[in-house]
Structures are given as C-alpha cells and as structure tokens.
Protein chains: 4
Amino acid sequence: MTRPPSTRRAGPAKRATASAGPRAVRGTPEETRARLVAAAGAAFEHDGYFGTDTNRIAKAAGYAPGTFYKHFADKAEIFVAVYEAWIAREWDGVAAIVADARTPTEKAARIADAVLEHHRAWPGLRASLRALVATEPAIRRAHRASRRIQMARMAELGLDDVGKNAILLLTVERIADAIADGELRELGMGDDEARGRLVAVIEDRLRGR
Amino acid sequence: MTRPPSTRRAGPAKRATASAGPRAVRGTPEETRARLVAAAGAAFEHDGYFGTDTNRIAKAAGYAPGTFYKHFADKAEIFVAVYEAWIAREWDGVAAIVADARTPTEKAARIADAVLEHHRAWPGLRASLRALVATEPAIRRAHRASRRIQMARMAELGLDDVGKNAILLLTVERIADAIADGELRELGMGDDEARGRLVAVIEDRLRGR
Amino acid sequence: MTRPPSTRRAGPAKRATASAGPRAVRGTPEETRARLVAAAGAAFEHDGYFGTDTNRIAKAAGYAPGTFYKHFADKAEIFVAVYEAWIAREWDGVAAIVADARTPTEKAARIADAVLEHHRAWPGLRASLRALVATEPAIRRAHRASRRIQMARMAELGLDDVGKNAILLLTVERIADAIADGELRELGMGDDEARGRLVAVIEDRLRGR
Amino acid sequence: MTRPPSTRRAGPAKRATASAGPRAVRGTPEETRARLVAAAGAAFEHDGYFGTDTNRIAKAAGYAPGTFYKHFADKAEIFVAVYEAWIAREWDGVAAIVADARTPTEKAARIADAVLEHHRAWPGLRASLRALVATEPAIRRAHRASRRIQMARMAELGLDDVGKNAILLLTVERIADAIADGELRELGMGDDEARGRLVAVIEDRLRGR
DNA sequence: GATGAATGAGACTTCATTCAT
DNA sequence: GATGAATGAAGTCTCATTCAT
C-alpha cells in the first residue's frame with residue numbers, strides 16, 4: 001500500500017457500455033484483491049469509512065460492484081485488510097531502520113520520521129479506525145489482534161518492559177496522529193518542535209527509560 | 001448530560017424499542033433542546049454517530065422526528081452540541097478541583113480521576129469524534145474552536161507554556177482514552193499503574209515541567 | 001382485499017419530480033397499510049413473491065419505497081398480511097353462506113362457488129404460498145397459525161370430526177386450486193363436472209360423512 | 001437422483017461451504033449432466049429454487065460456474081430436468097408395483113407407500129414446483145407436458161376414465177404432499193390414519209370406482 | 001469439455017429531512 | 001411548538017450469466 005492518490009472523489013458516473021461491455025480479464029485473484037485493497041485505502045482515507053461505499057471502491061479499482069464481494073465478505077472485511085497492510089508496512093519500515101541504523105539517537109530520529117510520514121499520509125484512515133474499533137465488533141477484534149502483533153514486534157526489537165512498551169506504542173501513535181492532523185500546529189507548536197518531542201520519547205525508550 | 005448506560009453494543013444496532021419515548025412534554029425550547037442533546041449523547045455513545053439516526057434520537061427524547069429539526073439544522077449540529085456540553089462539563093470539573101485542592105500532587109490525582117471517569121463514561125462518543133473531525137468540515141471547525149477554548153482554560157489555570165500545554169492536552173486525552181477503552185489492560189498494564197502514569201504526567205506539568 | 005387488477009406489470013418508470021416533489025399526505029396509517037396490502041396482493045398474484053419487489057409494491061400503492069418499511073418490517077411480513085386478509089375474506093364468505101342457506105345441498109353449492117371464485121381470482125398467490133411455507137420460517141409459522149384458526153372455524157360451523165375436517169380442508173383447497181389453475185380442464189374434465197365433484201365433497205361432509 | 005439429506009433449512013440459506021465440490025472429474029457429458037441434476041435436486045429441495053444459485057449448484061456437483069451453462073441454457077431448464085427425473089422415478093416405481101403385486105388391495109398399499117416415501121423425501125422440491133408453474137412460462141409448459149405423460153401412464157395401467165384419473169392424480173398428489181409436509185399430523189390426524197385414507201382412494205380407483 | 005474471474009442490473013433496506021396539519 | 005406520515009436518494013449485497021483462456 002502506497003500513499004493515496006490526491007484525486008478528489010468523483011461523482012457517480014454514467015453507465016458506460018449498455019450491456020456485453022468489453023470484458024477485461026485482469027489477472028490473478030491476488031492482483032485483483034490487491035487492487036481492491038489499494039482503492040479501498042485511498043477511499044477510506046479520503047472520504048472516511050462511512051463516506052465511501054463498496055461500489056465506488058470496486059469501480060475505482062477498475063471492477064464492477066459484484067467483483068468486490070468475490071474477494072471480501074463485506075465492507076468491514078476490506079477495512080481490516082487495509083489496516084493490516086498499513087500496519088505491516090509501518091513496522092517493516094521500523095524493523096529495517098533498527099537493523100540499519102547504528103546509535104539509539106539515529107534510530108529514534110529515523111523511526112520518528114518514518115512513522116510521521118506514514119501517519120501524515122493516512123490521517124483519515126486512522127480516524128475511521130478509532131470509530132470503527134468502538135462500534136464494529138469484527139474490526140475491534142482485528143485491531144486487538146494487531147496490537148498483540150505489534151507488542152511482539154517490539155519484543156523482537158529487544159524492548160522487554162511490557163508496560164513501557166504499551167505506553168510508548170500509544171504515545172507515539174497519538175503524537176504522530178496529532179502532528180499529522182495538524183492539531184499541534186494549530187495549537188502553536190511548530191512541526192520541528194513536535195518532531196523533536198517525538199524523537200525524544202522514542203530515544204528514551206530505546207535507552208531503556 | 002448524565003452518564004450513558006453502561007451496556008456496550010455487541011453488533012449492528014437493534015431496531016429501537018417500539019414504544020414512544022419517555023414522555024410527550026411541552027416545555028420551553030431550552031428544555032426540549034436539552035432533552036434532545038441528552039438523548040443524542042446517549043445514542044452516539046451507544047451506537048456511534050453513524051449507528052443512530054435522528055428519528056431515534058427524537059423518539060428517545062420523547063419527541064416526534066420533525067421536532068428535531070426545529071432545534072438543530074442537521075445531525076452534525078447536534079453532535080457539536082453534545083461534544084461541547086461534554087467538554088464543558090469536563091473542564092468545569094477540572095476548574096473546581098484546581099480551586100479546591102491544595103498541592104500539585106492532590107490536584108493531579110483528583111484531575112486524573114475526574115478525567116478518567118469522564119472518558120470511561122463516554123468512550124464511544126470520543127471515537128466518533130475523531131472520525132467526524134477527519135471527515136465532516138462543520139464538526140472539524142467546531143472541534144478546533146473547542147481546542148482554543150481548552151488552551152485558554154489552561155492559561156487561566158496558570159499554565160503558560162503553550163507547547164507543553166498542547167502536549168499535555170493530547171497526552172492526557174490519549175492515555176485517558178486508552179485506559180477507558182481497556183487498551184492498556186489488554187496490553188498487560190493494570191489500571192492502577194496506568195492511572196499512576198496519568199497522574200505523573202499531570203503533576204509534572206503542574207510543577208512546570 | 002378484492003380481486004387483483006388485470007393490469008400488466010409496468011417497467012421501471014422514470015424518476016418523476018427531481019426533488020421536493022408534491023408531498024401527498026394520504027391519511028391514516030391504517031389506510032396506507034391497507035393500500036400497501038392491496039397493492040402487494042395484486043403484485044404477488046401477478047408476478048409471484050420473487051417476481052416483485054417492495055419498491056414496486058410501494059409505488060403501485062402510490063408511495064415511495066421508504067413508506068413500505070414504516071408499515072412492514074420486510075417483504076415476508078406483508079406477504080403474511082396479504083395471506084391473512086385473503087383467508088379471512090374466504091371464511092367470512094363461508095360463514096355468511098352457512099348462516100343464510102337452508103339445506104346442506106344449498107350450502108355445499110354456494111360454498112363451493114364462493115371458494116372457487118376466491119381461488120380463481122388468486123392462483124398465483126396460492127402458488128407462492130406453498131413455496132414460501134416450505135422455505136421461509138416466518139411464513140411457515142403464520143401459515144400454521146392460520147390453519148388452526150380455520151379448524152376452529154369449522155368447529156364453530158358444527159363440524160366436529162377433526163380428522164374428517166382436516167381432509168376436507170385440504171381436499172377442497174386442492175381441488176379448488178386445480179380448477180382455478182385449469183389443471184383439470186387440461187386433463188379433460190369440464191369445469192362443470194369438476195365443480196360437481198367439489199360440491200359433492202362438501203355436501204358429504206356437511207351430512208356428517 | 002437419490003434422496004436428499006434430511007436436514008431442513010431453518011432460515012435464510014447459509015453461504016455455501018467454502019471448499020470446492022466433491023471432485024474435479026472429466027467424464028462424459030452425460031455424467032456431468034447427471035451430476036449437475038443431482039446437485040440441483042438437492043439444492044432446490046433444501047433451499048428452494050430462489051434460495052440457491054447456479055454457481056452453488058455447479059460447485060456442489062464438482063464443477064465451475066461456467067460448466068453449468070454448457071449443459072443447461074438457464075436455471076429454469078435444470079429445474080425442469082430435476083422435475084422430470086423425479087416424476088419418472090415415481091412412475092417407474094408405480095409401474096413395477098403394478099406388474100408385481102397381485103390384488104388391488106396389495107397394489108394400492110404398495111403404491112401408496114412408494115408415493116409417500118417419494119414425496120416425503122422431496123417436499124421442498126414440490127413446493128417450488130407449484131410456485132414456478134404459476135410464474136415461469138417455461139416451467140409451466142414442461143409441467144403440462146409431464147401431466148400428459150402421467151395420464152398416458154395411467155391409461156397404460158388399464159385405468160380408462162379420464163375424469164376419474166385426473167381426480168385421482170391430484171388427490172393422491174395433494175394427500176401425499178400434506179402427509180409429507182406434516183400438515184395432517186399438525187391437524188390431529190395420525191400418519192397411519194392418513195396413509196389408510198390414501199390407500200383407500202387408490203384402491204377405490206383400481207377397483208374402477 | 002471445462003474453467004473461473006468478472007459482470008452489472010437490481011433487490012432490499014435505511015435514514016436524513018420535509019411539510020401540511 | 002410539535003407532529004408524524006411521507007419521502008427518495010443511496011448503500012449493501014446477490015446472482016444469473018458470459019467469455020477469454
């Protein structure tokens with residue numbers, strides 16, 4: 001999943017070919033699924049979970065409405081897929097940085113930047129996530145499972161105080177969201193200062209604090 | 001606005017109860033409005049913004065659907081009213097504690113408990129808020145305005161580093177949400193420890209750090 | 001419920017007024033409900049339960065799609081209402097004849113004609129009924145309840161052998177359906193002969209056989 | 001076509017089992033066709049004509065969706081094939097009994113039992129049939145043709161009063177359906193008594209009455 | 001002969017909103 | 001001020017059918 005396209009949502013288009021339109025065999029189910037997940041990510045980001053619909057997602061991915069339901073049982077299921085892809089990408093980035101960077105200072109700075117970029121690209125997705133976790137049981141379950149994976153990832157990176165890890169996870173997430181949302185800027189804190197605080201929080205933890 | 005029922009929704013919202021709402025009163029416009037706001041708060045909390053509808057809110061408040069639109073221009077407007085009432089109550093509580101308590105330590109502990117209780121009572125409302133801020137321009141604007149009021153309230157309480165205030169605001173909010181959601185408990189941190197960390201964050205700030 | 005109009009189903013019509021169309025307040029909920037039941041009866045008769053849809057029923061009754069769902073929870077519920085109205089009318093007719101006619105011979109003849117007319121007017125409704133009873137639990141339940149009412153009605157009319165009553169019920173129903181369907185005519189039996197046999201079955205029972 | 005599973009559907013059809021059907025065979029067209037008819041029979045019985053779909057039928061038979069349409073023009077056509085196989089099996093059984101049994105009494109008893117067993121095994125199929133005959137012209141035509149064959153079969157068995165034959169046909173069918181459905185049991189008539197009446201009707205006819 | 005990904009019209013249902021009373 | 005029947009656009013999901021391989 002890459003950054004969402006900046007295109008604005010188009011209105012409902014006219015019916016294209018009346019019937020027996022050109023049938024475009026697109027390839028493997030995996031490719032189709034991936035295209036749908038990408039389109040859904042962009043749509044959720046842009047318009048929110050309740051601001052798009054599955055027909056629009058399918059069309060954006062280049063498919064007819066019915067195709068969506070060959071790959072996902074319902075709208076919630078594709079949201080989970082989008083979220084899981086998003087999280088996996090974030091942590092793959094973090095793991096690569098940890099493996100590559102030398103000092104805790106360098107690690108913290110690069111992790112902060114990577115996380116920040118990732119959140120900045122998907123603020124709407126994250127906002128939808130919180131509302132859905134509160135409301136949709138299936139998404140709540142998937143989110144909890146994802147949390148456990150994240151905690152395990154932290155342990156793999158050598159951080160072993162579960163309580164501190166949990167606080168770090170939530171704090172980093174919330175600060176990154178706030179910066180991405182522009183909340184801090186509107187409150188009078190410059191992006192540089194905000195980033196500095198984020199780095200400090202991470203570095204503290206990497207140094208065992 | 002009082003606390004919502006503690007039942008948590010377990011699936012798609014059930015059809016509302018068939019019988020009419022509590023009473024068919026004719027009071028002042030202010031009373032009607034207040035009843036609608038209270039009913040909306042409970043509904044948003046229970047089912048989420050997109051999980052209720054204005055007819056249900058009106059009926060729960062004891063009114064007919066049309067009455068809703070005599071008092072609010074649309075669904076977003078009543079959400080803003082609910083949110084503003086919620087925030088005002090929280091800060092009235094904080095201000096009362098600050099006026100009443102003696103030491104920073106006592107203030108921090110009592111503020112943390114008050115905030116925690118307030119968040120614990122309304123987790124669904126808060127989740128809806130974030131999604132709506134990302135998606136609905138009217139609600140986003142109202143939220144920003146509310147933030148400015150909160151920053152002013154902090155200044156009134158004698159806290160004058162805007163950057164630190166902003167971080168405190170977001171951190172307290174996020175930790176309180178996480179405890180209220182049970183996120184920390186599921187990650188292995190007991191409620192007591194979580195509360196301790198929340199108190200510490202507040203006390204630090206009250207001591208100028 | 002009277003006989004269905006013989007008009008043939010119209011194709012989907014163009015959207016009429018774009019928005020803010022003329023709002024036609026039609027009267028009491030009971031009237032609306034009755035209009036919907038009448039339209040549904042005609043539609044089920046014409047096109048079968050699976051051959052119509054709730055939007056078409058609403059439009060045929062002079063309402064918008066949403067109005068349907070203010071009066072019936074779903075399509076099955078209105079089918080039950082249609083069926084119950086149908087049965088009630090049939091038995092009201094039978095009861096009136098029993099009260100009015102003198103001899104078993106006269107009763108039998110007039111009952112047979114009334115039943116025949118009622119079945120002839122609604123063959124499609126009856127065919128849908130059997131399929132739905134096999135498949136839709138809600139409709140099955142309603143049908144069983146209706147059967148019990150019919151058996152009670154027979155007892156009220158002074159027929160007290162439950163086994164014979166049950167056989168009579170099913171036999172009359174089946175022969176009436178067959179005549180109405182034209183099954184017998186296609187098999188070489190004239191309508192007069194078929195009616196004669198039906199009368200005989202009823203008269204036998206009225207004479208205690 | 002063998003007997004369907006005795007499980008009765010309790011609600012809206014569940015999504016089919018995810019795994020593919022029994023095997024991916026390549027046999028003669030006749031074998032493929034026969035497998036499709038068998039799977040369709042079971043599906044129609046279980047879920048009703050409108051409660052299954054052709055993809056599910058194909059998969060249950062071990063084939064891909066497209067294969068279905070190599071063997072049947074549409075869904076109605078396979079229903080006709082299922083029905084014709086069902087009827088043929090019933091009458092083959094009856095003919096064998098007539099050839100084998102000695103007295104009218106024995107014939108009647110054995111025919112009743114065979115018919116009863118056949119109806120008891122396929123109540124859902126029969127219910128769908130009636131609805132489709134009322135609604136789908138192609139199925140109506142096929143049903144009428146089948147009736148003529150049945151009348152001819154009766155003549156072959158030596159019964160020559162067309163009117164009486166027609167009545168017998170419908171009566172036996174209806175009583176057998178009612179016993180199979182459990183309608184009579186719910187109306188207070190035991191299965192033994194019901195069967196007795198069925199035997200009597202047949203025996204009467206065999207004795208020329 | 002078989003595949004199976006894809007189609008797309010359309011059914012069922014919801015809900016924010018209106019307006020005549 | 002309140003009512004509440006009615007609206008109608010729109011969203012979720014289904015399924016008979018096709019066709020390129």
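Note on naming: letters A, B, ... go to the chains in the order of the sequence lines (proteins, then strands), and numbering restarts at 1 for each one.
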Residue-phosphate contact under 4.0 Å: Thr54(B) side-chain N/O, dT17(E) OP1/OP2
no

Rounded to whole Å, CD1 of Ile78(B) lies from P of dT17(E) at a distance of 12 Å

Donor-acceptor pair present, Asn55(C) side chain and dC12(E) base, under 3.5 Å
no

Specify the residue among Ala64(A) and Phe50(B) whose closest nucleotide of DNA chain E lies further upstream toward the 5′ end.
Ala64(A)

Expected output: side-chain Arg33(B) to main-chain Thr28(B) donor-acceptor under 3.5 Å
no

Give me the ring orientation class for Phe68(B) and Phe72(B): parallel if the planes are under 30° apart, tilted from 30 to 60°, perpendicular past 60°.
tilted

For dG1(F), does OP1 or OP2 lie under 4.0 Å from any side-chain N or O of His71(B)?
no

Can you check the Leu36(B) CG to dT3(F) C1' distance for me, whole Å?
13 Å

Stepwise side chain to side chain donor-acceptor pair (under 3.5 Å) test for Thr135(B) and Tyr49(A):
CA-CA 10 Å; Thr135(B) 280; Tyr49(A) 182 80; over 6 Å; no

Under the criterion side-chain contact (heavy atoms from CB on, under 4.5 Å), I'd like the reasoning laid out for Leu125(A) against Leu129(A): C-alpha separation, chi angles, the key distance, then a yes or no.
CA-CA 6 Å; Leu125(A) 182 65; Leu129(A) 175 66; 5.9 Å; no

Roughly, in whole Å, what's the span from NZ in Lys70(C) to P in dC15(E)?
10 Å

Any side-chain N or O of Tyr69(D) less than 4.0 Å from the OP1 or OP2 oxygen of dT17(F)?
yes

Spacing of Phe68(C) atom CZ relative to dA11(E) atom P, expressed in whole Å
14 Å

So do His71(D) and Tyr63(D) actually touch side chain to side chain, heavy atoms under 4.5 Å?
no

Taking a pair as Watson-Crick or G-U wobble with both distances under 3.5 Å, which nucleotide is matched to dT21(E)?
dA2(F)

Here's a test of your reading of the structure: between Gly66(A) and Pro65(B), which maps to the more 5' nucleotide of DNA chain F?
Pro65(B)

How close or far is atom C1' of dA9(F) from atom CZ of Arg56(A), stated in whole angstroms?
13 Å

For atom CG of Asp53(D) and atom P of dT7(E), their distance in whole Å
18 Å

Side-chain N or O of Thr67(B) closer than 4.0 Å to phosphate OP1/OP2 of dG4(F)
no

Can you tell which of dG8(E), dT17(E), dG4(F) lies closest to the side chain of Lys75(B)?
dT17(E)

Send over the distance from Glu30(A) CD to dG4(E) P, rounded to a whole Å.
13 Å

Any strand, both distances under 3.5 Å, Watson-Crick or G-U wobble: dC15(E) pairs with dG8(F)

From CD of Glu77(A) across to P of dC13(F) the rounded distance in Å is 11 Å

